[in-house]
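Shown next, in structure tokens, is the structure this report addresses.
First listed ligand is number 1; within each ligand, the first listed atom is number 1. For the single chain, residues carry numbers from 1 onward in sequence order. On a predicted model such as this, the values are computed, not experimentally measured, just so you know. For the numbers below, each heavy atom of this structure counts, side chains included, while hydrogens, waters and symmetry mates do not.
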Amino acid sequence: MRVIFLGAPGVGKGTQAQRLAAQEKIPQISTGDILREAVKRGTPLGLKAKGFMDAGKLVPDDVVIGLVDEKLKQPEVAAGYVLDGFPRTVAQAEALDRLLQDRGITHVINLDVPRDEIVRRLSGRRSCPKCQRVYHMDSAPPAREGRCDNCGESLQQRVDDKPETIESRLAVYDRQTRPLIEYYDKKGLLHNLDATGSIERVYANVLAAVHSQRHV
Ligand code: AMP
């Protein structure tokens with residue numbers, strides 16, 4: 001299966017994509033994670049991306065498309081993959097269509113969460129800079145305050161999860177990413193899911209969607 005997770009920041013794309021990829025034993029390709037890692041390492045890609053990311057803007061299409069192109073050429077994607085955070089613009093979706101040709105996307109899962117709940121989720125989100133595990137201060141706090149349960153590292157708030165940046169990311173989503181819902185609906189690939197429930201309940205719906213119809 002070749003799956004795309006769509007949705008605004010904070011709807012739980014990363015969590016659901018990670019689960020599905022682990023269960024199906026296929027790679028999860030998260031452009032956000034790849035870019036954050038590049039920023040942390042100070043690579044040329046990271047230096048190019050940092051300013052856009054910190055401001056809650058999209059990294060230019062050619063940069064992200066090049067990055068995904070490289071990933072999709074790796075042998076480990078042959079059995080399928082889960083795309084998380086890509087595409088985010090119509091230009092990226094069109095580039096992906098060109099890259100994939102006859103091995104196109106099989107399912108697009110759009111996760112839907114009301115705006116006030118998204119803001120609550122993003123502002124309470126904390127993550128471990130070492131093992132990437134994600135927490136929420138109210139709904140999924142760590143056992144020891146401020147420390148990762150997994151590796152003990154000090155938890156951090158993403159720079160782009162600060163209130164002023166959240167607003168700008170949501171505006172970018174509305175303008176540039178939301179049109180992809182229609183783009184994939186027209187192709188008959190879209191599964192629209194209510195993502196307000198528990199992680200388990202949403203995941204059950206994700207599984208039902210990816211197994212409901214097998215496109216070739
Ligand atoms: P995410 O972790 O998916 O929320 O991504 C964090 C940030 O990385 C975004 O706010 C963008 O600045 C950048 N980014 C991730 N994926 C893309 C993409 N497909 N196109 C452009 N920028 C991206």
Side-chain angles (χ1 to χ4, degrees), residues 2-21 27-72 81-100 105 108-111 113 115 118-129 131-136 156-181 183-184 195:
R2 296 178 290 278
V3 181
I4 291 174
F5 274 89
L6 272 188
V11 295
K13 295 188 297 291
T15 306
Q16 298 295 333
Q18 197 172 24
R19 278 206 171 191
L20 181 63
Q28 170 197 10
I29 303 174
S30 159
T31 43
D33 284 351
I34 296 169
L35 291 168
R36 269 186 295 280
E37 183 62 24
V39 170
K40 204 161 90 185
R41 288 172 189 267
T43 64
L45 170 67
L47 294 177
K48 218 184 268 182
K50 186 176 185 328
F52 295 103
M53 295 176 76
D54 287 354
K57 296 195 173 125
L58 293 186
V59 173
D61 284 336
D62 57 334
V63 174
V64 193
I65 290 165
L67 195 155
V68 171
D69 183 19
E70 211 160 279
K71 284 273 164 197
L72 294 177
Y81 48 83
V82 179
L83 282 171
D84 156 22
F86 181 93
R88 257 177 157 99
T89 64
V90 171
Q92 291 178 16
E94 288 169 351
L96 183 64
D97 287 344
R98 286 193 296 273
L99 289 176
L100 297 179
I105 293 299
V108 177
I109 312 282
N110 182 51
L111 299 180
V113 172
R115 194 50 61 104
I118 287 181
V119 174
R120 193 194 69 79
R121 287 189 188 186
L122 289 175
S123 36
R125 179 161 72 176
R126 298 290 181 275
S127 55
C128 174
C131 73
Q132 322 307 330
R133 187 158 162 184
V134 180
Y135 298 84
H136 190 280
Q156 290 179 353
Q157 182 173 37
R158 278 171 47 173
V159 180
D160 58 352
D161 279 347
K162 304 257 153 75
E164 52 292 4
T165 319
I166 290 176
E167 283 309 317
S168 116
R169 288 165 70 203
L170 292 176
V172 164
Y173 167 78
D174 283 336
R175 200 172 56 243
Q176 295 185 268
T177 309
R178 194 188 280 283
L180 293 180
I181 297 176
Y183 182 91
Y184 286 113

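The closest donor-acceptor contact from the side chain of Ser168 to the backbone of Ala55 lies under 3.5 Å. Not one N or O on the side chain of Gln16 forms a donor-acceptor pair closer than 3.5 Å with the backbone of Gly12. Side-chain atoms of Lys13 come within 3.5 Å of backbone N or O of Gly7 as a donor-acceptor pair. At distances below 3.5 Å, at least one donor-acceptor pair connects side-chain atoms of Arg169 with backbone N or O atoms of Asp160. With hydrogens and angles ignored, the 3.5 Å screen pairs no side-chain donor or acceptor of Thr89 with any backbone N or O of Gln176.
Residue Thr31 approaches ligand 1 through these ligand atoms, each under 4.0 Å from one of its heavy atoms: 15 (C), 16 (N), 17 (C), 19 (N). Within ligand 1, counting atoms from 1 as listed, the ones closer than 4.0 Å to a heavy atom of Arg169 are 4 (O). Listed by number with element, the atoms of ligand 1 under 4.0 Å from a non-hydrogen atom of Lys57 are 11 (C), 12 (O). Per-residue contacts place Val64 under 4.0 angstrom from the following atoms of ligand 1 (heavy atoms of the residue considered): 18 (C), 19 (N), 20 (N), 21 (C). The contact set between ligand 1 and Arg158, taken as ligand atoms under 4.0 Å from a residue heavy atom, comprises 1 (P), 2 (O), 4 (O), 6 (C).
Given atom 13 (C) of ligand 1, the protein heavy atom at minimum distance is Leu35 CD1, 3.6 Å. Among all non-hydrogen protein atoms, the one lying nearest atom 1 (P) of ligand 1 is Arg88 NH2, 3.5 Å. Atom 20 (N) of ligand 1 has as its closest protein heavy atom Gln92 NE2, 2.9 Å. Here the protein heavy atom with the shortest distance to atom 8 (O) of ligand 1 is Met53 CE, 3.4 Å.
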*Show your reasoning for whether side-chain contact (heavy atoms from CB on, under 4.5 Å) applies to Gln132 and Arg36.*
CA-CA 11 Å; Gln132 322 307 330; Arg36 269 186 295 280; 5.9 Å; no
*Take Glu37 and Arg41 through the test salt bridge (Lys or Arg N to Asp or Glu O under 4.0 Å) and record every step on the way to the result.*
CA-CA 6 Å; Glu37 183 62 24; Arg41 288 172 189 267; 2.7 Å; yes
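Residues Gln92 and Thr31 are not in side-chain contact: their nearest non-hydrogen atoms beyond the backbone lie 4.5 Å or more apart.
Checking Gly85, Pro87, Ala91 against atom 19 (N) of ligand 1, the nearest heavy atom belongs to Gly85.
Considering backbone and side-chain N/O atoms, Val59 comes within less than 3.5 Å of an N/O atom of ligand 1.
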